[in-house]
There are 2 protein chains.
Amino acid sequence: MVESRRVTLKDIAKSLGVSVNTVSRALADKDSVGEDTRARIKAEAARLGYVPNSMARSLVLGSAMTLGLVITNPSNPFYARLISTIEQRGRTHGYSLMLLVTEESPDVDRRAADTLLRWGVDGALVVPVQGEGEHWERLHESGIPMVCLNRDVPTLDLDFVGVDYHHAAYEATRHLVEGGARSLCLFEEDLPISPVAERVAGFRKALTEAGIESSGDPVISVPTRRRESLALPWEPADAYRLAQDIVSQGDLPDAIMVGNDYFALGVYRALTEAGLRVGDDVLVGGFGDHPFSAYLSPGLTTVRLPAAQIGTAAVDLLLQRMRSHGDDGETAAEKRRERCGLVVRASSRASKGTMT
Amino acid sequence: MVESRRVTLKDIAKSLGVSVNTVSRALADKDSVGEDTRARIKAEAARLGYVPNSMARSLVLGSAMTLGLVITNPSNPFYARLISTIEQRGRTHGYSLMLLVTEESPDVDRRAADTLLRWGVDGALVVPVQGEGEHWERLHESGIPMVCLNRDVPTLDLDFVGVDYHHAAYEATRHLVEGGARSLCLFEEDLPISPVAERVAGFRKALTEAGIESSGDPVISVPTRRRESLALPWEPADAYRLAQDIVSQGDLPDAIMVGNDYFALGVYRALTEAGLRVGDDVLVGGFGDHPFSAYLSPGLTTVRLPAAQIGTAAVDLLLQRMRSHGDDGETAAEKRRERCGLVVRASSRASKGTMT
DNA sequence: GTGAAAGCGCTAACAC
DNA sequence: GTGTTAGCGCTTTCAC
């Protein structure tokens, strides 16, 4: 292959004997350029296979036409859908997407903020890693509009779009209580992040309201190995072992909530192996409504997370912030929590075999 | 917030009374700059909160320090893992990642190639959408090294790293035959892409070798709705309905292969609802070994796809191409197909209850 | 309508 | 060691 340097405006200009400037305007479809010249220029550009250099354009325009997306783990189906939605919506607005994966590493998280700053992205959407996270506030203060996704850091004055986990957990738990459960527990991964905290709070609230007290703590912390096995969804095996313990210890709850549907897989197995019937002996409720959840036996009752809605809302909020950036009135951070629906299936119905 | 323009080399230079150039070299840790000056410059840079402008740097260096990744659907768990792996490996080599999602749209696919060209990425990793795809060849000829992922386009002379689906399907089918199956069928989505074609071929080869002939075509094309419901994994419901048809028509095969584990979910349900026992009355084998597959009852026998391995290999091949770019000897395109293992579980064991 | 000149922020040649 | 000059490819003044 011949070392074919890329065609530039200059090449077209030279080839046609006009100025670079004219070529630029012609191709940008600005007026103040003759019909004939424009035609000639466009033809020549096509002939030479001219492709504009986004880099150069961005440099002078001062806008990268790029959004940054920082995700902890694309293999989490919820985040996978966010990626799709955000990329798509950003693209329809003309923005390219720079994706960074942090794998729950505070270090990578910090460097991600730095990378976005260096590239000068026009806006950032971030699922922050657990921990402090003032580097995100610093990014924001550096003049880059940003919105936190799914995980809120209450101590930071940053926009946030996520799920109303508190309400969802509350409703789901109430549903189990109404189904007759009097002793419940909740499996949650041991990450100090807002979704977990909110689900726990909603769960507890429902218990309190129902006048249910338990001897020990009904919240079971699953030492998920997710952080070790990079780039994997949650590990059902972790929940499986804990559920086995519970079963073998004899103090079996009559309902189990899990923070994500993957944990339900482990719980299902532990119960089944012990000869217990899910949805009958023990009710189970999850979070995520992943594709497999409808196909388990029995079907899993679970909270459907409005991923597309959240992705869209986040991008729209970000674009709005980008537009009003530079305006005087610094509006306060917006914390938006989307409500979500509970998908009721046989695992919570004590329904002796009905399948959904 | 004060309209705080970003700090540049010029600002540091002015503030210290040195030339921009010196600042540049000091910060880049080049020699030919005095120890004291360097210290003063670094201190001032830190004080002012200087952040290098990657855009400007890339423009002059002629390298974007960016890789492009084009994916059809991040919600496909296999692709999600590819995204993680590729981002991670690219990052360790200093590259940022620009992600484009094509959603099986030939149009978006074409524009993706254009976008990558405009940004002048240093290399591209692409899961091409079905169809022609000479726009990818054009990108390649424009001087951007690229590697196709998972889907090969044999008519294009492009590097490719993927799965040896042919061999995997062959082995899996043989496994079912050895398990006693004499009448088999294969569920495959109706996309004209190489993975499907190769699995079909491997499946057929195994049948032929076993001397198995069927009256009709054993390959069942699933009109997957994936393309309509953007950003979702495969739809088990599609396979469910087709499996129902097969069951109700009475010509039940004694083994069913499916092109992805999600289809197995549908097949499981159809069989179970008909009172048939998976792994006993009908053997089932899948592709993907998704997290849920081990937790179905019975556990699903399935081909484990080496996603991380493929992601890594693809990036490494790409980096190698990038390094040797400009060299005279144009090496021929490399087509690499990774072997993968079959995870045998109860769905293929006719094992009356053993669970894995 | 078109061209000349300046500059986005940075690095690479050259002088001294 | 350090400064000066030039230029990456593009857009935006401002003359003409």
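Proteins get letters first, then strands, A, B, ... in listed order; numbering begins at 1 in each.
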Q) So which of A/Glu87, A/His93, A/Gln88 actually passes side-chain hydrogen bond (donor to acceptor under 3.5 Å, both in side chains) with A/Arg91? A) A/Glu87
[X] side-chain N/O to [N] phosphate OP1/OP2 under 4.0 Å:
{"X": "A/Thr37", "N": "C/dT2", "answer": "yes"}
{"X": "A/Lys30", "N": "D/dT12", "answer": "yes"}
{"X": "A/Ser19", "N": "C/dG3", "answer": "yes"}
{"X": "B/Thr8", "N": "C/dG9", "answer": "no"}

Q | B/Val20 vs A/Val60, nearer the 5' end of DNA chain D by closest nucleotide | A | B/Val20
Q.
Can you tell whether the side chains of A/Arg110 and A/Asp107 come within less than 4.0 Å, N to carboxylate O?
A. yes
Q) Does the D/dT4 base have a donor-acceptor partner in the side chain of B/Asn21 within less than 3.5 Å? A) yes
Which part of the nucleic acid, if any, lies within contact of [X], taking any heavy atom under 4.0 Å across all strands shown: a base, the sugar-phosphate backbone alone, or nothing?
{"X": "A/Ser58", "value": "nothing"}
{"X": "B/Asn53", "value": "sugar-phosphate"}
{"X": "A/Arg25", "value": "base"}
{"X": "A/Gly62", "value": "nothing"}

Grab the [atom1]-[atom2] distance between [X] and [N] for me, whole Å please.
{"X": "A/Leu59", "N": "C/dT11", "atom1": "CG", "atom2": "P", "value": "12 Å"}
{"X": "A/Lys10", "N": "C/dA5", "atom1": "NZ", "atom2": "P", "value": "15 Å"}
{"X": "A/Arg38", "N": "C/dT2", "atom1": "CZ", "atom2": "C1'", "value": "13 Å"}

Q. Under 4.5 Å between any side-chain heavy atoms of B/Ile310 and B/Leu82, yes or no?
A. yes
Q) Which of the following nucleotides, D/dG9, D/dG3, C/dG3, is nearest to the side chain of B/Thr22? A) D/dG3
**Q.** Stepwise salt bridge (charged side-chain N to carboxylate O under 4.0 Å, His left out) test for B/Arg5 and B/Asp11
**A.** CA-CA 10 Å; B/Arg5 203 181 41 74; B/Asp11 298 324; 3.2 Å; yes
